Amino acid sequence: MSAQSRLGRRLIQLYVGLALYGASSALLVEAGLGLEPWGVLHQGLAELTGVSIGVVSIIVGAAVLLLWIPLRQRPGLGTVSNVFVVGIAMDATLAAVPDVHGLAVRIPVLLAGILLNGVATGLYIAARFGPGPRDGLMTGLHRRTGRSIRLMRTGIEVAVVVTGFVLGGTIGVGTVLYAVSIGPLAQLFLKVFAVSSASDGSTVVAAGQPRGAILRP
C-alpha cells in the first residue's frame, strides 16, 4: 500500500471512528440504563444548563484541551477533530433515533451502543492521529506527576462520574457493563483496524501511547 493510500485510509478511519463514537454514545443515552463515565458528566451538565448533550461534549472537550497547555501536551488532528465530530454525531443520532421504551428494546440498544463504541474506538485509535482530549489529560498528568496511568485514569473518571451523577447524569448497569467490556472490545478492534507502517509493512496500532492509556476518544 502506498503512503498516500495509507494516509487516505487513516483519515477515513479517523472520521468514521469519531462519528461512530458519537453515535454509540447517543445509543447509550437512548437506552437509559447507564452511560460511560464522561457521558454521565455530559448528561448531568446538559440537564443543568439545558444545552444539548452533544454541545456539552464539545464544550467539555475544548475545556479539557486547554488543560493540555500547562501539561505540555501536543494535540494532533484526531485530538482537535474529536472535540467537534463526536458531539455533532451524538446530537445528530439523538435527533434521528426514536425514543425507545421497555427493557426488551432498551437492553439491545445498550448492547449495540457498547459494541459500536468498541468498534469506533478501534477505528479512531488505530488511525494514529493523536489521543482524544480526555485521554491526553490522563497521559499528561501521568508524565507530570509520575503516577501510574491506571491511577490517573481511575481518579479522573471517579471524579467525573460522581460529579455527573450529582448533576443528574445516569448511572446504571450500562455504566458497569461498559467499564468491564470496553477494554477487551477496544483491544480486539485495534487489531482488526491496525494500519500498516510505511517503513516496513508491519502493523502499528497506537505508536507512542502508553499501553491501556487510551480507551476512548
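Being a predicted model, the structure only gives us computed values, none of them experimental.
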Could you list the residues that satisfy side chain to side chain contact (heavy atoms under 4.5 Å, CB included) with [X], not counting sequence neighbours?
X    : value
L115 : L185, F189
L11  : L7, Y15, L77, F129
V83  : I58, A62, L65, P133

To the nearest 0.5 Å, how far apart are [atom1] in [X] and [atom2] in [Y]?
X    : Y    : atom1 : atom2 : result
E157 : R134 : CD    : CZ    : 11.0 Å
D135 : H142 : CG    : NE2   : 13.0 Å
L190 : T121 : CG    : OG1   : 8.0 Å
L141 : L151 : CG    : CG    : 10.0 Å
R147 : M152 : CZ    : CE    : 7.0 Å

Any residue meeting side chain to side chain donor-acceptor pair (under 3.5 Å) with [X], in chain and number order, not counting sequence neighbours:
X   : result
Q73 : T139, R143
T93 : none
T79 : none
S24 : N117

Does any non-hydrogen side-chain atom of [Y] lie less than 4.5 Å from one of [X]?
X    : Y    : value
L71  : L137 : yes
F193 : V16  : no
L110 : E30  : no
L35  : V29  : yes
V85  : Y124 : no

**Q.** Residue pairs fulfilling side chain to side chain donor-acceptor pair (under 3.5 Å) with at least one residue in residues 45-63, sequence neighbours excluded
**A.**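 Applying side chain to side chain donor-acceptor pair (under 3.5 Å) to every pair that reaches into residues 45-63, excluding sequence neighbours, yields S52-D91.
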
Q: Verify the distance criterion only: is there a donor paired with an acceptor across the side chains of E36 and T175 at less than 3.5 Å?
A: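 No - no donor-acceptor pair under 3.5 Å links their side chains.
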
Q: Go through the steps for I182 and I114 under the test side-chain contact (heavy atoms from CB on, under 4.5 Å), then give the verdict.
A: CA-CA 7 Å; I182 191 59; I114 293 174; 5.5 Å; no

Closest approach of [X] and [Y], non-hydrogen atoms and distance?
X    : Y    : answer
P75  : V80  : CB-CG2, 4.4 Å
I156 : M138 : CD1-CG, 3.7 Å
G22  : A89  : CA-CB, 4.0 Å
Y21  : A120 : N-CB, 3.4 Å
S25  : M90  : CB-CE, 3.5 Å
G78  : L18  : O-CD1, 4.4 Å

Q. Other than V97, which residues form its hydrophobic cluster under the rule that side-chain heavy atoms must be closer than 4.5 Å?
A.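 Members alongside V97: none; it stands by itself.
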
Q) Apart from L66 itself, what residues make up its hydrophobic cluster when side-chain heavy atoms of I, L, V, M, F, W and Y under 4.5 Å apart count as a link, directly or indirectly? A)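 Answer for L66: I69.
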
Throw together a table of side-chain donor-acceptor distances under 3.5 angstrom for residues 101-109, partners on residues two or more places apart or in other chains.
unit_1 : atom_1 : unit_2 : atom_2 : d
R106   : NE     : A31    : O      : 2.8
R106   : NH2    : A31    : O      : 3.4
R106   : NH2    : G32    : O      : 3.0

In the single-linkage hydrophobic clustering (I, L, V, M, F, W, Y; side-chain heavy atoms under 4.5 Å), do [X] and [Y] co-cluster?
X    : Y    : answer
V55  : L48  : yes
W38  : V166 : no
V158 : V60  : no
V192 : V119 : yes
I12  : L20  : yes

Q: In sequence, state the C-alpha distance, the side-chain angles, and the governing distance for L111 and L177, and then conclude on side-chain contact (heavy atoms from CB on, under 4.5 Å).
A: CA-CA 9 Å; L111 296 177; L177 186 58; 3.6 Å; yes

